[in-house]
There are 2 protein chains.
Amino acid sequence: MDQLTDDLLTIQQVADKTGLSTHTLRYYEKIGLIQAVDRADNGHRRYSPGDVGWLDFLKCLRSTGMPVREVKRYAELYEDGDQTLAERRALLETHRARIEADLRELTANLEAIKYKIAYYRELEARATGGEAETLSAVSN
Amino acid sequence: MDQLTDDLLTIQQVADKTGLSTHTLRYYEKIGLIQAVDRADNGHRRYSPGDVGWLDFLKCLRSTGMPVREVKRYAELYEDGDQTLAERRALLETHRARIEADLRELTANLEAIKYKIAYYRELEARATGGEAETLSAVSN
DNA sequence: GTACAACTTAGAGTATGCTCTAAGTCAAGC
DNA sequence: GCTTGACTTAGAGCATACTCTAAGTTGTAC
């Protein structure tokens, strides 16, 4: 059970490769995030390189916060072929805008946290005897 | 019920100001993310400017993905006074590193999505008759 | 004095996304 | 021929974080 014909992978191999658990891989298939995967004669899943590519992109969408139902919509559009290209692109562009907004917010909040860290550092320095420049007050 | 003495705010005013729902404000207090808020004679909450400042920072921590239990830990340390400064700072620095990692991942995934969008754009252009440069293949 | 709106509580319910369990099949190695 | 390990299924369970409900109190406005 090591070298399969073609480049077909077992569910465990795909789990190792993608970082998704075998549970999650079956779950994603069940809810339609990935189309029915081919089976070996014994009923075991055999993932094609295309399946793995899709899973990689799916992971990218999920880890950037696209909700499962939207990934599912995207997957459905994909199955409907080329006539859905524009709609798929629109979906991705909406998501892209969301990510860019998230990045801006995350960056701004990061600055606030860095500022607080600097403030704490100053308080600690003062507590251990040193005298320092004063950052404008930020409590808590 | 408009102008209260001092700068104390009702729960609704704080909700409007912070964007957290009144439900969430009570929930946060119940689970210890914010210490017991002062009460008016009738038992209604009266939020001080300090409470609001803490809620703002709390929001910053939560929206950057710090888990509730960790925010709670931070809140507890804060209540224990100055001797917890170093620990609080350590907590924030760990969180900061997490945010920076998230930013890197988000940025990388954004690039992949932008690339896919560009690929779709090219396919669409080709479909409507135009001939274009070929981006190296990315399916799905 | 009664309607109304804003608040109070404890605790139940919901949304999202997995994650795990139980029972069973199957092929390979000893 | 029996153990072992990887797989299969349906469906239950769990983690996180709210979000809402029901029943009750209070204070002002008419």
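By convention in this document, chain letters (A, B, ...) are assigned in the order of the sequence lines, proteins followed by strands, and residues within each chain are numbered from 1.
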To the nearest angstrom, how far is [X] atom [atom1] from [N] atom [atom2]?
X	N	atom1	atom2	value
B:M66	D:dC18	CE	P	14 Å
B:D41	C:dC7	CG	C1'	14 Å
B:R39	D:dT26	CZ	P	14 Å
A:L8	D:dC7	CG	C1'	16 Å
A:D16	D:dA6	CG	C1'	13 Å
A:L58	C:dC18	CG	C1'	13 Å
B:E70	D:dA17	CD	P	10 Å
A:L25	C:dC20	CG	P	14 Å

For this session: Pick base, sugar-phosphate or nothing for B:R45, based on heavy-atom distances below 4.0 Å to the nucleic acid.
Result: sugar-phosphate
For this session: Just call it for B:R69: base, sugar-phosphate, or nothing, with non-hydrogen atoms closer than 4.0 Å on any strand.
Result: sugar-phosphate
Distance from [X] atom [atom1] to [Y] atom [atom2], nearest 0.5 Å?
X	Y	atom1	atom2	result
B:E111	B:L106	CD	CG	11.0 Å
B:L110	A:T64	CG	OG1	8.5 Å
A:H95	A:C60	NE2	SG	7.0 Å
B:I113	A:E93	CD1	CD	11.5 Å

What nucleotide, of [options], holds the atom closest to the side chain of [X]?
X	options	result
B:T10	C:dG17, D:dA6, C:dC7	C:dC7
B:H44	C:dT8, D:dA17, D:dC7	C:dT8
A:N42	D:dC18, C:dT16, C:dC26	C:dC26
B:I11	C:dT8, D:dC7, D:dC18	C:dT8
B:H23	D:dT21, C:dC7, D:dC7	D:dT21
A:Y27	C:dT8, C:dC18, D:dC7	C:dC18

For this session: Tell me which of B:Q12 and B:K30 sits closer to the 5' end of DNA chain C, going by the nucleotide each one is nearest to.
Result: B:Q12
Exercise. Does B:R26 make a side-chain N or O approach to OP1 or OP2 of C:dG11 shorter than 4.0 Å?
Worked result: no
For this session: For C:dC7, take OP1 and OP2 only and decide whether either is under 4.0 Å from a side-chain N or O of B:R46.
Result: no
Exercise. Would a 4.5 Å heavy-atom cut-off, applied to side chains only, mark A:D38 and A:L8 as touching?
Worked result: no
